[in-house]
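A short worksheet on the structure shown next.
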Amino acid sequence: MTFVTMPKSGTLALNEESRRLAGRGRTVYRFGFGESPFPPPRHVQKALRKSTFRKDYTTVAGLPELRARIADFHSEADGYAINAEQVLVAPGSKPLLLNCMQAFEHAEVYLPAPAYVSYANMAKLARHPLIRIQTSYTDRWRITPEALEAAIARHSQPGREKVLALNYPGNPDGLTYSRAELQALAATLRRHDVWALSDEIYALLHHQGRHVSLASIYPERTLVSTGLSKWCGAGGWRLGALILPASAPAELRDALIGLGSEVYSCAPTPVQVAALAAYQLDKRTHRFLRAQRQILSGIGGAVHRALLAAGVKAHAAEGGFYLLCDFSGYADSLRKRDIQGDTALCARLLAETGVALLPGSKFGLPAEALTARLAYVDFDGAAALSSQRAKEGILPHAEKMLTGIAALDSWLN
């Protein structure tokens, strides 16, 4: 018998291993799993409790009133007009992204390296050829129009749609794109009629609140994925949304609805009802977002400075809660310890220090580049929010993580 070869998601596997070690009494510095540390706002939690009686299926696309609410919310947040018919709701953004790839019968998927761990496997499940576009530390891990142009010239085949998956602020690097960078990239996308899957799940956690949606620049072929997991602290609730172009072919929407009907039927109805309370850009939401941004920026900055002091290269995060660590400066000393790739590096770090990092090769980077993703969310988000409201210092909440960086520093040096 032959089965599909599909490894478990690297992030989920590392999270389970970290929990296992912690359960055995080991001190684990949990930098490996990117789960929001913040609880959902209280009024959103209350809305979920009040909606538990809802057991009915909704339409596959989601509750009409929720789709309208999401359209209004993102029209205001992202600065371009969206209507409810453009919005699809699902149990998380992952099935939406996968279905976007599956909706194309013949396509080639272009993927920056690094990129979120699941995109490559989604392309594999959709049976599309995958083209990796390597980026570099010098280019801030950003894909350039020149690199995309070269990849299309080298790999594009007649009769195939071209799909670029893009995620910013980025997982695994915490970096984003400026408006000028997106405009330059959009010119290449437009020239080659590329479909852009713009994963903007961390958009509302841009540390300065200045996210620019690609759909506002390249509206004709940009599909935006978003959801509650990151900005609302509700990852386990599984509520994702997809925003289609206003001019998207009816066949594309029909394909996505058809796939959704066979894969997930609908998002959980109680969560959809609770999401009505979340998707309101009122004073409560603005306060909640502003507090998260300030906390993540402050703690991320402290962790970044500690990494630099330890001799680890990393760009300061601009959004979300990740840093991409570059250990190449230690290549010679690591080789003497029989460590020649990022997987061996992360395995030894976890075993010998309790520091849990995810290898950069999981995100498409070469193993010999010696990179690893660090998620700086190993703190009590509710306590940090309380400190922020009381105008107390937030850096004490980073203490455990800074202790982890000190252990990393000691091990490296």
Side-chain angles (χ1 to χ4, degrees), residues 7-38 94 113-121 141 167 169-175 201-202 205 229-230 233 235-236 296 299-300 302-304 306-307 310 312-315 317 319-327 330 334 339 341-365 367 369-381 397-412:
K8 184 185 293 185
S9 167
T11 51
L12 297 178
L14 182 57
N15 187 48
E16 291 173 8
E17 176 65 9
S18 298
R19 284 179 173 172
R20 186 184 68 80
L21 291 173
R24 290 167 51 187
R26 285 283 308 281
T27 297
V28 178
Y29 302 101
R30 296 178 65 179
F31 295 120
F33 190 58
E35 180 176 10
S36 170
F38 303 106
K94 271 187 176 180
Y116 174 54
V117 295
S118 292
Y119 299 149
N121 285 332
W141 310 117
N167 169 227
N171 176 3
D173 49 70
L175 301 175
I201 195 78
Y202 297 94
L205 295 183
S229 61
K230 309 304 178 183
L296 292 172
I299 289 179
V303 172
H304 178 245
L307 284 170
V312 179
K313 292 198 303 181
H315 292 288
F321 33 70
Y322 302 108
L323 293 162
L324 186 56
C325 305
D326 182 338
F327 293 91
Y330 286 97
L334 291 172
I339 298 172
D342 58 8
T343 300
L345 169 62
C346 293
R348 288 278 292 275
L349 272 172
L350 183 58
E352 297 175 19
T353 70
V355 171
L357 300 174
L358 197 60
S361 55
K362 296 289 185 183
F363 303 91
L365 289 168
L370 292 173
T371 57
R373 188 194 73 176
L374 182 153
Y376 53 90
V377 291
D378 195 1
F379 65 93
D380 185 332
H397 298 284
E399 185 176 349
K400 181 182 178 183
M401 289 183 288
L402 294 176
T403 301
I405 301 299
L408 171 65
D409 187 356
S410 177
W411 186 84
L412 286 170

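Counting begins at 1 with the first residue of the sequence. Please read these numbers as outputs of a predicted model, since none were measured by experiment.
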For this session: Give a yes or no on whether the backbone of Leu323 and the side-chain of Arg373 come within a donor-acceptor separation of less than 3.5 Å.
Result: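 Between the backbone of Leu323 and the side chain of Arg373 there is no qualifying donor-acceptor contact (under 3.5 Å).
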Problem set entry | Side-chain donor/acceptor of Ser410 to backbone N/O of Ala406, under 3.5 Å |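 The answer is no, because no donor-acceptor pair under 3.5 Å joins these two groups.
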For this session: Output all residues satisfying ring-ring contact (aromatic ring centres under 6.0 Å, His included) with Tyr119, sequence neighbours left out; order by chain, then residue number.
Result: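 Listed in chain order: Tyr116.
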Exercise. In chain order, what residues pass the ring-ring contact (aromatic ring centres under 6.0 Å, His included) check against Phe379, with sequence neighbours excluded?
Worked result: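 For Phe379, the residues satisfying ring-ring contact (aromatic ring centres under 6.0 Å, His included) (neighbours in sequence not counted) are Phe38.
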Side chains of [X] and [Y]: does their closest heavy-atom pair fall under 4.5 Å?
{"X": "Leu412", "Y": "Phe327", "result": "yes"}
{"X": "Asp173", "Y": "Pro114", "result": "yes"}
{"X": "Thr27", "Y": "Thr403", "result": "no"}
{"X": "Tyr330", "Y": "Leu370", "result": "no"}

Let me confirm one number: the [atom1]-[atom2] distance from [X] to [Y], rounded to the nearest 0.5 Å.
{"X": "Thr371", "Y": "Lys313", "atom1": "OG1", "atom2": "NZ", "value": "11.0 Å"}
{"X": "Ile201", "Y": "Lys230", "atom1": "CD1", "atom2": "NZ", "value": "7.0 Å"}
{"X": "Leu307", "Y": "Leu324", "atom1": "CG", "atom2": "CG", "value": "10.5 Å"}
{"X": "Leu365", "Y": "Trp141", "atom1": "CG", "atom2": "CH2", "value": "5.5 Å"}
{"X": "Leu408", "Y": "Met401", "atom1": "CG", "atom2": "CE", "value": "14.0 Å"}
{"X": "Leu358", "Y": "Phe363", "atom1": "CG", "atom2": "CZ", "value": "4.0 Å"}

With sequence neighbours left out, write down each residue that passes side-chain hydrogen bond (donor to acceptor under 3.5 Å, both in side chains) with [X], or none if nothing qualifies.
{"X": "Tyr322", "result": "Tyr202"}
{"X": "Asp409", "result": "Asn413"}
{"X": "Asn167", "result": "none"}
{"X": "Ser36", "result": "none"}

Shortest non-hydrogen contact from [X] to [Y]?
{"X": "Ala306", "Y": "Leu402", "value": "CB-CD2, 3.9 Å"}
{"X": "Leu350", "Y": "Ala356", "value": "CD1-CB, 3.9 Å"}
{"X": "Tyr376", "Y": "Leu296", "value": "CE1-O, 3.3 Å"}
{"X": "Ala375", "Y": "Gly34", "value": "CB-CA, 4.1 Å"}
{"X": "Val117", "Y": "Lys362", "value": "CG1-O, 3.4 Å"}
{"X": "Asp326", "Y": "Ala369", "value": "OD1-O, 4.0 Å"}

Exercise. Which residue pairs pass the salt bridge (charged side-chain N to carboxylate O under 4.0 Å, His left out) test with at least one member in residues 344-353, sequence neighbours excluded?
Worked result: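 Every pair satisfying salt bridge (charged side-chain N to carboxylate O under 4.0 Å, His left out) with a residue in residues 344-353: Arg348-Glu352.
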Exercise. Under the salt bridge (charged side-chain N to carboxylate O under 4.0 Å, His left out) test, which residues partner Asp342, sequence neighbours left out?
Worked result: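 With sequence neighbours excluded, Asp342 shows a salt bridge (charged side-chain N to carboxylate O under 4.0 Å, His left out) to no residue whatsoever.
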For this session: Not counting sequence neighbours, which residues clear side-chain contact (heavy atoms from CB on, under 4.5 Å) with Cys346? List them please.
Result: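 For Cys346 the side-chain contact (heavy atoms from CB on, under 4.5 Å) partners, ignoring immediate neighbours, are Leu357, Pro359, Ala372.
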